Amino acid sequence: MTTTFGKGCHLHLIDGSAFIFRAYHALPPLTRKSDGLPIGAVSGFCNMLQRYVDGDHGADAPTHLAVIFDKGSHTFRNDLYDQYKANREAMPEDLRPQIPLTRQATEAFNIACKEIEGYEADDIIATLACQARDAGGRVTIVSSDKDLMQLVGDGVEMLDAMKNRRIDRDGVFEKFGVFPERVVDVQALAGDSVDNVPGAPGIGIKTAALLINEFGDLETLLDRADEIKQPKRRQTLIDMRDQIELSKRLVALDTAMPLDFTLDDLEIRDVVPERLMAFLAEMEFRTLSKRIADRLGVEAPVIPDTPAPEQAQEQAEDVPFDASKYECVRDGQALQAWIDRIRERGWVAVDTETTGLNEMIADLVGISLCVEPGEACYIPLTHRQGASDDLFGSDALAEGQMPLDEALTLLKPVLEDPSILKIGQNMKYDAKIFARHGVAVAPIDDTMLMSYAMHGGEHGHGMDTLSERYLGHTPIPIKPLLGSGKSAITFDKVAIDEATAYAAEDADVTLRLWQLFKPQLHRARVTTVYETLERPLVPVLAEMEMHGVKVDRDVLSRMSNAFAQKMAGLEAEIHELAGENFNVGSPAQLGEILFDKMGLEGGKKGKTGKYSTGADVLEDLATEHELPRRVLDWRQLSKLKSTYTDALQTHINPDTGRVHTSYAITGANTGRLASTDPNLQNIPVRTEEGRRIREAFIAEPGNVLVSLDYSQIELRILAHIADIAALKQAFSDGLDIHAMTASEMFDVPLDEMTPEIRRQAKAINFGVIYGISGFGLARNLRIPRAEAQGFIDRYFERFPGIRRYMDDTIAFAKEHGHVQTLFGRKIHTPEINAKGPHAGFAKRAAINAPIQGTAADVIRRAMVRMPKAIEGLPARMLLQVHDELLFEVAEYAVDDTIAAAREVMEGAADPAVKLDVKLTVDAGQGANWAEAH
DNA sequence: GACATCACG
DNA sequence: GACGTACGTGATGTCC
């Protein structure tokens, strides 16, 4: 049915950003009643769209239609001129979360919604308008932006939707004093303070138009500038020629940019009432949904009159916890009743009970649900009957449970329904359990992540902690139910009535926490952090963890044996040297041998009264003695064997043959992830022997491992945050940053640099990131403290911005109780005002957190965008190691994958943050991780 | 379960 | 002037 765009067609192009800002400023700051989400701009946007669709604009009806949005803050204009739009104010905090909703709104109206990374909406509009005009059609641009006026003419008109005023060639002349084809000339001269286009100083639109009309066009004017009578004006045009020509390039729209769609894709489509109503209902627009429903002749959606946040909070506190009210759901009918309530409500708190903590292995035992504080249920599914001493009955299913499949069949549509929010505490766990049963839970909210976004650094984010702190309620502990040690049982052995009280309460607590946190998120100014850096990471990580990484057991096993042999030899030598047998693995025994029996120099250690035998101590002793050297070698092998070659084998999943780590999103205060069970973020790499362990991490046949890692990301971020011109310059010149530092510090030319001097400078660079101290640097470099202090003083002298950054950061922390990353992540520093030795720790942590945290945010953003970027490629993201991402890729697609992933990683800060220093990514590939890294 | 040690960024 | 310090993690083995 598609017609080809051509004569008789009429294309309408709506400037989406203009709509959004108008809507935002025209309306008071409305919030969604149920959860406090700001929605004023979305509401206004929908209103404007509806009015437009109603034809309330006096223009001929379109045959083709699209809403065009900006995407990304960096465009080719920024490359031309780094000050372009530089003085534009940051987007208001309560508008930011509404931007994606306006896209959804457009789609809900079934209107084409277009944006292209790196281009302004104006360029897309210009390109489309030209295409449509060339095809013989007409165009109406719904906008009053003067930057678009250059497009008017030959069937292209503008429409100011607010004033219902059409702008044609004469309208443009009215505004600019010239016709559309000369508008850019006038703009180039007059400049634009809003977009920070410089233009010619002292020349406004009036004068510009006068000049252009006199000389014909800008080029002629500039060529013949010496003919201008007014001396000042003449001089300006002669002196500022470059700036004026640059301005013209900035204001001229790109009418031939690449598009990934055609005019025909914009053919007008009928609205799908159900879809539009679902969106309006989700936004809780009562009046608007009713008005539009009337217009469409359909039933208006019922929007539950949910309590305002403050009331919800009171309710959450008012309703007492009462385990006897929890229902045990044992059949389909009872479950259906709960599902009905969930559908009515639009959200549900969910919790799963399983036989263990490893979600790749644990079996689902039961599910609890909660839709209202105090009202929760537990659905037992695979509890075993009888006590554990019942030798025969313990494996049989207990009575009175629904079959697992039946329960999941009923729940699946709800858990996957995009209009029903699933709320959980650590949802990644539950989502993975459900995923193993073929249920893709979405969309989700996570109280643990909300707490992390609001209270990172203040306290833990486990449910018990949160419940006690924010609900004043101590949940039933799990310990008494499961026991501990050898006699511990799994949850499926817990009696169903006990399980119901425990499990349903967890869902109850989760829902109450959610009702409390949801409105607070916005007040704490962390909605964007939660929505862009926490919540969207859940499905990405779940996917990575479930996919796992292939590990070759035989390689590990062989290495284990080799290590064992070497260790045995070393152990014999150590005993020989010591003159007695002792446990080499016991620091206490080793200390006595070294310092008491052999009488070596090298002190004690405080608290426990034992000798310190750390690597640094042994390293010093090793210059004079054999034994400590042997112990160091033995320890290295012992570590490699026990932690890696042995333990890793036990983590190979028998079903998949792969190792599945688990990432803790809230694991580190700074925003970094933490990897556990096993930790795959500390696989050896620094020593040759250790690195060989990475040879056991392999790809499936026909595939290779690809590793991409950020180069010096923390130092780059430091250079940006502390605004160190010399560092920024060095990065932009692609210099060896440590050598450059050394050269600057010690006045050594780069071509005379020695590895030793560079090593010292490298230590200082890292020291700065860690909150440098004379003592720490002295110990790291093994130099006298005074000398180390001298280095630091000199560093501050050469890079004064560092001192300022440190002082400012500590002052900020003292005043606000937190520091923050460039992306708005808050890291609380409760100890910053402490007295005594604590204070030093807190200060250094405060200095480090914005740097480490910003780097963590950057890679999180890259990870969130990665699935889309590599969509369609035979590639999977497997692991994250703080500044590195590891992929498994079909051999033939390696180059494409590297290109796609690198683009995402290098551009990960955009558009939220414009870094002064570009991020660069190194890539490697190979049959195993040792080769790829 | 605390502590020491050591693997990573 | 004295504190005692590099930042952020997790896993293992010893010893109580």
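As the structure is a computational prediction, the values presented were derived from the model and not from experiment. These values consider heavy atoms only, across backbone and side chains, with no hydrogens, waters or symmetry-generated copies. Numbered from 1 within each chain, the chains take letters A, B, ... in sequence-line order.
- Under the 3.5 Å distance criterion, the side-chain polar atoms of A:S675 are matched with a main-chain donor or acceptor of A:L680.
- One interatomic measurement links the two molecules: CG of A:D857 to P of C:dG8, which rounds to 16 Å at whole-angstrom precision.
- No side-chain N or O of A:Y805 forms a donor-acceptor pair with one of A:D723 less than 3.5 Å apart.
- Using a 4.0 Å heavy-atom cutoff across all strands shown, A:Q589 reaches sugar-phosphate atoms only and no base atom.
- Nucleic acid contact for A:Q636: sugar-phosphate only, since backbone atoms but no base atoms lie under 4.0 Å from a heavy atom of the residue.
- The side chain of A:V685 lies closest to B:dG9, out of C:dG10, C:dT12, B:dG9.
- The partner of C:dT14 is B:dA2, by the rule that a Watson-Crick or G-U pair needs both atom distances under 3.5 Å.
- We find that CZ of A:F775 is positioned 12 Å from P of C:dC7, with the value rounded to whole Å.
- For A:R785, whose side chain is taken as the heavy atoms from C-beta onward, the closest listed nucleotide among C:dC7, C:dG4, B:dT5 is C:dG4.
- Using a 4.0 Å cut-off, no side-chain N or O of A:Q681 falls inside it from OP1 or OP2 of C:dG8.
- Atom OH in A:Y770 sits about 6 Å away from atom C1' in C:dC7, given to the nearest Å.
- Within 4.0 Å (heavy atoms only), A:I772 reaches at least one base atom of the nucleic acid.
- One interatomic measurement links the two molecules: CG of A:D616 to P of C:dT5, which rounds to 13 Å at whole-angstrom precision.
- The phosphate of B:dA4 has neither OP1 nor OP2 within less than 4.0 Å of any side-chain N or O from A:R635.
- Note that the CD1 atom of A:I757 and the OG1 atom of A:T741 stand 13.0 Å from one another [nearest 0.5 Å].
- Using a 4.0 Å heavy-atom distance criterion, A:I683 is classed as a sugar-phosphate-only contact.
- Among the heavy atoms of the strands, none lies under 4.0 Å from A:A778.
- Among the protein residues, A:A647 comes within range of the sugar-phosphate backbone only, with heavy atoms under 4.0 Å from sugar or phosphate atoms but none that close to a base.
- A salt bridge is defined here as a Lys NZ or Arg NE, NH1 or NH2 lying under 4.0 Å from an Asp or Glu carboxylate O, and A:R672 with A:E714 meets this definition.
- OP1 or OP2 of C:dA6 lies within a sub-4.0 Å distance of a side-chain N or O belonging to A:R779.
- Salt bridge annotation for A:E580-A:K597: present, with a cationic side-chain nitrogen under 4.0 angstrom from a carboxylate oxygen.
- The CZ-P distance, from A:F766 to C:dG8, rounds to 16 Å in whole Å.
- Between A:L781 atom CG and C:dA6 atom C1' there is a gap of 11 Å when expressed in whole angstrom units.
- Comparing C:dA6 with B:dA4, their P atoms are spaced 13 Å from each other, to the whole Å.
- In this structure, A:I478 places its CD1 atom where more than 12 heavy-atom neighbours from other residues, nucleotides or ligands lie under 6.0 Å away.
- Contact between A:T821 and A:P850 at its shortest, heavy atoms only, is CG2-O, 4.2 Å.
- Here, B:dC3 and C:dT5 have their P atoms 14 Å apart, quoted to the whole Å.
- Picking from C:dC7, C:dT12, B:dA4 the nucleotide with the shortest atom distance to the side chain of A:N848 gives C:dC7.
- Distances shown here put every side-chain N or O of A:R672 at or beyond 4.0 Å from the OP1 or OP2 atom of C:dT9.
- Across every strand in view, C:dA2 sits unpaired, with no contact that passes the Watson-Crick or G-U test at under 3.5 angstrom.
- Side-chain N/O atoms of A:S586 include one lying less than 4.0 angstrom from OP1 or OP2 on C:dC15.
- Listed candidates were B:dG9, B:dA7, C:dT5. Nearest to the side chain of A:S773 is C:dT5.
- Within 4.0 Å (heavy atoms only), A:G771 reaches no atom of the nucleic acid at all.
- Phosphate proximity of B:dA7 to A:N679: absent, as no side-chain N or O sits under 4.0 Å from OP1 or OP2.
- Contact annotation: side chain of A:S642 to base of C:dT12, donor-acceptor pair absent below 3.5 Å.
- Closest approach to the A:K639 side chain among B:dA7, B:dG9, C:dC15 is made by B:dA7 (side chain taken as heavy atoms from C-beta onward).
- Here the side chain of A:N682 is nearest to one of B:dC8, C:dC7, C:dA11, namely B:dC8.
- Regarding A:Y644, its OH atom lies at a distance of 12 Å from the C1' atom of B:dT5, rounded to whole Å.
- A:G614 comes within contact range of the sugar-phosphate backbone alone, with a heavy-atom separation under 4.0 Å but no base atom that close.
- When the nucleotides C:dA11, B:dA7, C:dG8 are ranked by their closest atom to the side chain of A:P684, B:dA7 comes out on top.
- Between A:R686 and B:dC8 there is a side-chain N or O to OP1 or OP2 distance below 4.0 Å.
- The interatomic distance linking A:F582 (CZ) with C:dT14 (P) rounds to 13 Å, in whole Å.
- Of the inter-residue distances, the one linking A:F791 atom CZ with A:Q760 atom CD reads 4.5 Å to the nearest 0.5 angstrom.
- For A:T613 and B:dT5, the shortest distance from a side-chain N or O to OP1 or OP2 is below 4.0 Å.
- Residue A:N780 is in base contact, counting any heavy-atom pair closer than 4.0 Å across all strands shown.
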